[in-house]
Amino acid sequence: MFPSWNFILKEIQKHLDWFFSSCEAGLPDNHADMCRTCKLHTERLQCPAHSPCDLQPQREMEGTRIKKEGNDEKDKRDDEVVCLRRQIGLLPAVSFIIGTVVGSGIFIAPKGVLMNSGSVGLSLLVWVLCGVLSLFGALCYAELGTTFTKSGGHYTYLLETLGPLPAFLRLWVEFLFIRPAVASYVSLAFGRYVVEPFFTPCAAPTVLIRLVSILGVTFVVAVNCWSVNMASRTQVTLTFIKMFALVLIIVPGVIALAKGRTENFQNGFEVDLLTLDKLPLAFYSGLYAYGGWFYLNFITEEVINPNRNMPLAIILSIVAVTVFYVLINVAYYTMMTPAEVLLSDAVAVTFANRAFQGLAPVIPILVAISCLGALNGGFFGAPRMLFVGAREGHWPAIFSMIHIRRHTPLPAVLLLYPLVVFMLVTGEIYQLLNFASFSRWFFIALATLGMLIHRYRFPLHPRPFKVPLVIGITFTVVCFFIVGLSLYSDPWNTGQSCALTLTGVPVYYVTVYRFRLPRSCRRIFDYCSKQLQILLEVAQQEVQTY
């Protein structure tokens with residue numbers, strides 16, 4: 001006589017209870033905690049004693065309810081759900097944009113703008129126009145960010161409007177070439193401004209500068225791995241410090257201007273030294289100082305009330321940065337002649353030595369803190385692009401996972417760290433930076449072009465914030481014009497940038513479009529991914545956050 005189904009189910013339940021209790025008793029404390037997390041908090045993160053981890057993204061999960069031993073259901077507490085939380089309000093959003101935009105550029109770039117524009121008046125006009133252009137671009141991205149509520153910035157907008165290949169190419173060139181090079185450059189500026197004051201007038205040791213740069217990168221990575229709240233508060237604090245540094249430069253210049261020191265502004269629009277082939281380089285220098293206005297779009301899923309806070313934060317921050325940048329350049333020219341600006345490698349330090357000798361040593365420290373804020377903003381925002389790319393299946397699934405307790409995209413943040421350290425150690429940075437501008441502006445132009453195409457194809461799609469059409473068209477045309485000028489003025493570096501970008505095409509068709517890796521390689525890759533998932537204590541999101 002066969003046993004009844006009730007008897008069989010009771011026996012299975014008894015063996016499962018014994019299995020779980022022996023797993024927790026026989027493993028170290030941390031693994032026991034992970035086992036409890038497996039049973040109570042997620043169906044995907046599992047300890048070595050359980051079945052293999054599910055590494056495939058699950059994008060259609062609804063609600064936050066789980067089944068427990070039978071048909072009983074229990075709601076999870078909000079702090080137990082594995083997902084990225086909306087913790088970025090208006091002030092952190094404004095601080096995030098300003099803190100990322102204001103880095104080392106405004107303290108160095110005035111030399112490049114003046115050298116290529118030819119006069120004081122034209123250089124100030126270039127700063128204003130770069131601010132207006134950045135505001136136009138930020139408004140276009142505000143529409144994109146409220147239309148497509150996913151994080152990821154450029155990648156998401158290219159994916160939604162132009163298809164997967166342009167999006168993958170943006171992801172490919174950003175994380176393997178551009179992002180590590182930009183982060184290395186900013187961290188080197190941080191290390192230089194920290195170390196050089198202790199060795200003046202001698203040259204600082206290069207090894208020590210790189211060591212301090214690595215320490216700065218390590219600090220920023222640790223903060224972003226530890227907590228989203230901590231990274232946000234760090235960004236707000238650093239932003240207030242760097243705004244204090246800007247005010248410290250502006251006030252003496254305004255006082256001197258009020259006292260009648262206007263000799264450097266007389267005949268400010270002389271065009272004798274202006275050549276049309278150098279004018280685009282002046283805009284490149286200015287736009288470099290404004291770079292970073294699009295970073296808030298990387299974290300759309302973590303912004304509170306994004307339909308309101310994203311456009312508001314973008315407008316407030318870019319207008320504030322433009323006003324501060326113009327006033328800082330005015331302050332520079334009240335204390336320094338154009339020839340002195342061109343001879344200075346660090347305009348802010350030369351200005352401090354001229355304006356207030358007693359506080360001059362403070363300026364390099366404030367510039368270093370400014371660089372640290374830009375570095376923190378980059379490490380906070382850019383990994384979200386990788387996170388979303390992995391969630392869409394364009395990158396290994398391990399990078400779409402977040403820490404089960406700290407709720408940070410730990411694998412995506414950690415990927416950048418060895419790449420940045422490698423570039424700092426080897427010194428292969430400046431060659432990549434030479435053509436980073438081309439790639440960045442090319443994909444920004446594609447994203448805004450995609451916005452216009454999406455408007456035409458889907459006119460009834462809900463758009464909580466809609467930028468005037470003339471602004472979108474103007475910005476797109478100007479971006480493509482900048483890209484075309486770079487092809488004309490610097491074809492070698494531009495060609496290298498195109499070649500590096502196109503190396504992602506065969507990778508896309510082999511690993512994404514049609515997965516053609518050998519079966520043995522897949523098994524090795526899956527095994528390594530599972531072990532990394534266990535080691536890092538990460539899991540897929542349990543709720544849809546977009």
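Each residue takes its place number in the sequence, starting with 1.
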- [ ] Indicate whether the side chain of T218 and that of Y417 have a donor and an acceptor atom separated by less than 3.5 Å.
- [x]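 The criterion, which ignores hydrogens and geometry beyond distance, is satisfied for Y417 and T218.
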TODO: Would you check if there is a donor-acceptor pair between the side chains of S497 and S439 at a distance under 3.5 Å?
DONE: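 No, because no side-chain N or O of S439 sits under 3.5 Å from a partner of the opposite role on S497.
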Under a 4.5 Å cut-off applied to non-hydrogen side-chain atoms, are [X] and [Y] in contact?
X	Y	result
V102	Y325	yes
L386	L415	yes
M451	V467	yes
S187	L424	yes
I328	L246	yes
C225	V221	yes
I482	F283	no
V425	R210	no

- [ ] Can you spot which of Q87, R384, H407 makes a side chain to side chain donor-acceptor pair (under 3.5 Å) with E302?
- [x]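 Output: one option passes, namely R384.
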Task: Among I255, V330, L327, V326, the one residue meeting side chain to side chain contact (heavy atoms under 4.5 Å, CB included) with I250 - done: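 Answer to the side chain to side chain contact (heavy atoms under 4.5 Å, CB included) test with I250 among I255, V330, L327, V326: L327.
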Please state whether the rings of [X] and [Y] are parallel, tilted or perpendicular, taking 30° and 60° as the class boundaries.
X	Y	answer
W293	F475	perpendicular
F148	Y157	tilted
Y290	W127	tilted

Heavy atoms only: give me the nearest [X]-[Y] pair and the separation to one decimal.
X	Y	result
S95	T239	O-OG1, 3.0 Å
L139	I314	N-CG2, 4.3 Å
G99	K242	O-NZ, 2.7 Å
M401	P411	O-CD, 3.5 Å
S184	M423	OG-CB, 3.4 Å
S317	I97	OG-CG2, 3.2 Å

TODO: Begin with the C-alpha distance, continue with both residues' side-chain angles, and end with the deciding distance and a verdict on side chain to side chain contact (heavy atoms under 4.5 Å, CB included) for F351 and M336.
DONE: CA-CA 7 Å; F351 173 86; M336 304 168 61; 4.0 Å; yes
Could you grab the distance from atom [atom1] of [X] to atom [atom2] of [Y], nearest 0.5 Å is fine?
X	Y	atom1	atom2	value
R86	T300	CZ	OG1	8.5 Å
S370	I363	OG	CD1	11.0 Å
I209	E196	CD1	CD	5.0 Å
I471	L135	CD1	CG	7.5 Å
L211	T206	CG	OG1	12.5 Å
F480	L449	CZ	CG	5.0 Å

Judged by atom type as modelled, is there a donor-acceptor pair below 3.5 Å linking the side chain of [X] to the main-chain atoms of [Y]?
X	Y	result
R261	A256	no
N309	G89	no
T448	I444	yes
N376	L372	no
S117	V113	yes

- [ ] I would like to know whether R179 and V420 meet side chain to side chain contact (heavy atoms under 4.5 Å, CB included); could you show each step before the answer?
- [x] CA-CA 8 Å; R179 180 52 44 191; V420 173; over 6 Å; no
Salt bridge check, [Y] against [X]: does any charged N sit closer than 4.0 Å to a carboxylate O?
X	Y	result
E537	R405	yes
E174	R440	no
E340	K111	no

Task: Exceeds 12 heavy-atom contacts within 6.0 angstrom, atom CZ of F199 - done: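 Above 12, so yes.
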TODO: Look at atom CZ of F442 and say whether more than 12 heavy atoms of other residues, nucleotides or ligands are closer to it than 6.0 Å.
DONE: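 12 or below, so no.
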Task: Chi angles and distances behind the side chain to side chain contact (heavy atoms under 4.5 Å, CB included) call for F443, V173 - done: CA-CA 10 Å; F443 282 107; V173 74; 4.0 Å; yes
Open item on the list: Using ring centroids (six-membered ring only for Trp), state whether Y155 and F298 fall under 6.0 Å.
Closed with: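 No.
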Open item on the list: Could you check whether F387 and F399 have their ring centres less than 6.0 Å apart?
Closed with: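 No.
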TODO: Using the side chain to side chain contact (heavy atoms under 4.5 Å, CB included) rule, take I88 and I299 through it: C-alpha gap first, then chi angles, then the decisive distance, then the call.
DONE: CA-CA 9 Å; I88 309 298; I299 59 172; 4.3 Å; yes
